[in-house]
Amino acid sequence: SPSMAGRAGALPPYGPHYPPPLPAGMVWPPHGARLAPPTPSGSGGSGRGDASHLTPRGGAGVGAMSRRERGPEPGPGGAEVAAEDAEPESPDQCLSLLPWDRFSAWLHCVCVVGFDLELGQAVEVIYPPHSKLTDKEKTNICYLSFPDSNSGCLGDTQFCFRFRRSPGRKVSFCCFLDQLDRELPVYLKKDSAYYYGYVYFRQVRDKSLKRGYFQKSLVLISKLPYVHLFRTMLKQIAPEYFEKSEAFLEAVCSDIDRWPAPVPGKVLQLPLMGLIMKLRIPTYRDKPGTTPIVQNMHQADAQISMALPTVHEVDLFRCFCPVFFHIQMLWELVLLGEPLVVMAPSPAESSETVLALVSCISPLKYCSDFRPYFTIHDSEFKEYTTRTQAPPSVILGVTNPFFAKTLQHWPHIIRIGDIKLPGEVPKQVKVKKLKNLKTLDSKPGVYTSYKPYLNKDEEIVKQLQKGVQQKRPTEAQSVILRRYFLELTESFIIPLERYVASLMPLQKCISPWKSPPQLRQFSQDDFMKTLEKAGPQLTSGLKGDWIGLYRHFLKSPNFDGWFRSRQKEMTQKLEALHLEALCNENLVFWSQKHTEVETVDLVLKLKNKLLQADREHLPVKTDTLKKLQTHINDIILALPDDLQDILLKTGTT
């Protein structure tokens, strides 16, 4: 077979190096020294066939980061300091078109949900007033913004939910926001089919009210999955809102409408009622598992400044603490897209645990639906609880005891009690049989008959137990746990990345006068054969049935989503290489040797190529596009005047 070295965007051939070469920008080991695989000379390291181009913008691949687009460099002491990456062109121009455009870049709207004795939960305020929500969306927000009555959440409670947007509505403004989305890591890209609701609920005794209680929720509705940012915001504004009411809310929204655009990779300063929040949204260029430090610079004025360590991460150790003996099995269940339900005493515990589960396979994107807090009033209740078909690939967080009966047929149930950080080492909890789960009061644990494919990693359990004994801060425990999940996910996905990279056609197959070649088909058998020499054993010491795990994964929604994304990237790479091949031809000379009809056909095709490059954001250098435009102009100028006029005016589709 031809040498891999000539493959467009392919990997260099195996050499004596350990580990074998990885896909572009993939760094091994995931933590510790930055050890990138050496590129043998002659492997196309700097030419068009360089594997570094295999992971274009917004790559779904683990560690998607080309050599020329590295993330922040290490600062003193090995900490990563946030560099202000290049900002997309003039965001302010785009975001100052209309009032509320800046607000809309962060939030869809702010809702206040109260309890009416006659109507029950009701949306009392929507701000800004012009924000559009369908009746179905309002109903979902009403029910999801209050804890179930059995939760008994007295005082203040924070949680989040996720619900489907009603179809058929126009997606709001500005292609600029789509441009920002392309800069994000794949697991932070917004899903236009869903909204998140971030809730601050207050329930306190009030004898002046008929019901005897004050019950109200302040809810931020957004397409962005920035859990920590919005949680922090609500903590700052909600208590004051409950005292001051609408005028205060208007002032808050006015502040948000002055925020800069949510540009990934840039240190942003967000003013909020006298406070400045400083944060950095990750980019796809960041090395997975690193959190660049946002340095808290001194404010020149009297405003208080707060640096957020993350915009999206939850306290992983705190969430997994009730079931941490089973974290590896839970990682497998999430990776495979298995139906999972989290039964918890309150929406705070259910939502945090669901978000922790979804994030445990990062930097892979969890491609199925997940609901951090789900109620019997949800518009998808019947769809997700029916017994006429197998449970769907979804993770649900519930608190209503009714679900213990309704979801009895689900194969995997996580039951958690009140989440408290252990003062002593938790006792070993066995996996329980599903038939033992009769009510929501059943003992905490994991109820499933699932047999994990991989042998249990005792080391991580010992490490976390030792941390509990030594009273290690929960943040440090979460870092250890996040690194463990990251290394496990990367060890699993690297062989797939390597195999998929080999599906790229050879460089010599790309001809300017033919359509770009197709990717080779993914073959499960061929992939399985690669695992013997280049499987996860190169980066993970875990034993077990890796082959069985891969076979199961290849049937899952997570594989389907990951592979479609990689397929799209590589197809775009081939289109980009084809454009470059065209640019390197003497097109004017070609047109002189062909008929006018053929020349006009070529011009129209080249114009379409330029439009496609812009529309699909192909990974092409600006110089290449300028060069192609020059070729088009030169060919047109060599044609008769009447044709020139027509072609200069003609657009393409």
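Not measured: the values here are computed from a predicted model.
Between the Lys365 side chain and the Pro185 main chain, no donor and acceptor come within less than 3.5 Å of each other. Between the side chain of Ser222 and the backbone N or O of Leu224 there is at least one donor-acceptor pair closer than 3.5 Å. With hydrogens and angles disregarded, a donor-acceptor distance shorter than 3.5 Å links the side chain of Gln328 to the backbone of Asn455. At distances below 3.5 Å, not a single donor-acceptor pair connects side-chain atoms of His312 with backbone N or O atoms of Leu229. Here the side chain of Ser478 pairs a donor or acceptor atom with the backbone of Thr474 at under 3.5 angstrom. Side-chain N or O atoms of Lys189 include one that pairs as donor or acceptor with a backbone N or O of Asp181 at under 3.5 Å. At least one donor-acceptor pair under 3.5 Å links the side chain of Asn558 to the backbone N or O of Cys367.
Checked for salt-bridge contact, Arg280 and Asp286 meet the test: a charged N lies under 4.0 Å from a carboxylate O. Taking 4.0 Å as the cut-off between side-chain N and carboxylate O, Arg566 and Glu497 count as a salt-bridged pair. Under 4.0 Å is where a charged nitrogen must lie from a carboxylate oxygen, and between Asp369 and Arg162 at least one such pair does.
Residue Arg205 places its CZ atom among 12 or fewer non-hydrogen atoms of other residues, nucleotides or ligands, all under 6.0 Å distant. Few gaps surround NZ on Lys190; more than 12 heavy atoms of other groups in view lie less than 6.0 Å from it.
Residues satisfying the side chain to side chain contact (heavy atoms under 4.5 Å, CB included) test with Glu250, not counting sequence neighbours, are Tyr127. Legend: residues meeting side chain to side chain contact (heavy atoms under 4.5 Å, CB included) with Pro339, ordered by chain and number and at least two apart, are Pro391, Trp410, Pro411, His412.
Taking all atoms of both residues into account, the shortest heavy-atom contact from Met343 to Phe403 is CE-O, 3.5 Å. Closest non-hydrogen pair, Ile416 versus Thr353, comes out as CD1-OG1, 3.2 Å. Of all the heavy atoms in Ser393 and Gly337, the pair that sits closest is OG-O, 2.6 Å. Taking every heavy atom of both residues into account, Gln463 and Gln477 meet most closely at O-OE1, 4.3 Å. Across every non-hydrogen atom of Gly114 and Phe146, the tightest pair is C-CZ, 3.9 Å. Looking at every heavy atom in both residues, Gln215 comes nearest to Phe201 through CB-CE1, 4.3 Å.
Taking 4.5 Å as the limit, every side-chain heavy atom of Gln236 sits out of range of all side-chain heavy atoms of Met273. Contact annotation: the side chain of Tyr213 approaches that of Leu154 to within less than 4.5 Å [non-hydrogen atoms, C-beta and beyond]. Using a 4.5 Å cut-off on side-chain heavy atoms (C-beta onward), His326 and Glu332 make no contact. In this structure, the side chains of Ser145 and Phe161 come closer than 4.5 Å at one or more pairs of heavy atoms. Proximity of Leu486 to Arg482: side-chain heavy atoms (C-beta onward) are nowhere separated by under 4.5 Å. Using a 4.5 Å cut-off on side-chain heavy atoms (C-beta onward), His228 and Pro309 make contact. Side chains of Glu352 and Arg318 form a contact here, defined as non-hydrogen atoms less than 4.5 Å apart. Looking only at side-chain heavy atoms (C-beta outward), Glu338 and His552 come within less than 4.5 Å of each other.
For an aromatic pair to be called close, the ring centres must be under 6.0 Å apart, and Tyr550 with Phe492 satisfies this. Taking the six-membered ring for Trp and the full ring otherwise, Tyr143 and Phe381 have centroids separated by 6.0 Å or more. Taking the six-membered ring for Trp and the full ring otherwise, Phe320 and Phe324 have centroids separated by 6.0 Å or more.
In this structure, CZ in Phe159 is found 8.5 Å from OG1 in Thr399, a value given to the nearest 0.5 Å. Here the CD-CG distance, from Glu459 to Leu464, works out to 11.0 Å after rounding to the nearest 0.5 Å. Atom OH of residue Tyr198 and atom OG of residue Ser351 lie 10.5 Å apart, to the nearest 0.5 angstrom. Remark: Leu316 CG to Cys360 SG distance equals 7.5 Å, nearest 0.5 Å. The distance from the CG atom of Leu340 to the OH atom of Tyr450 is 10.5 Å, given to the nearest 0.5 Å. With rounding to the nearest 0.5 angstrom, the OG1 atom of Thr232 is 10.5 Å from the CG atom of Leu272.
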>> Between Leu249 and Leu218, does the side chain to side chain contact (heavy atoms under 4.5 Å, CB included) criterion hold? Intermediate values first, please.
In response: CA-CA 10 Å; Leu249 190 58; Leu218 183 62; 4.0 Å; yes
>> Apply side chain to side chain contact (heavy atoms under 4.5 Å, CB included) to residues Thr406 and Asn400 and explain how you reach the verdict.
In response: CA-CA 10 Å; Thr406 316; Asn400 193 319; over 6 Å; no
>> Go through it in stages, so that I can follow the logic: the residues are Val186 and Trp562, the test is side chain to side chain contact (heavy atoms under 4.5 Å, CB included), and I'd like the CA-CA distance, side-chain angles, deciding distance and then a yes or no.
In response: CA-CA 9 Å; Val186 67; Trp562 172 82; over 6 Å; no
>> Determine whether Leu488 and Leu542 satisfy the following criterion, side chain to side chain contact (heavy atoms under 4.5 Å, CB included), listing intermediate values before the conclusion.
In response: CA-CA 9 Å; Leu488 196 51; Leu542 269 184; 3.5 Å; yes
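For Ser491 and Ser540, the side-chain atoms include no donor-acceptor pair closer than 3.5 Å. When only modelled atom types and interatomic distance are considered, Glu349 and Ser346 share a side-chain donor-acceptor pair under 3.5 Å. Using modelled atom types and a 3.5 Å distance limit, the side chains of Thr489 and Trp331 yield a donor-acceptor pair.
Relative to the ring axis of Tyr447, Arg415 does not place its NZ or CZ within 45° and under 6.0 Å from the centre.
Aromatic ring orientation, Tyr200 versus Phe242: tilted (interplanar angle from 30° to 60°). Between Tyr195 and Phe163, the two ring planes are tilted [angle within 30° to 60°].
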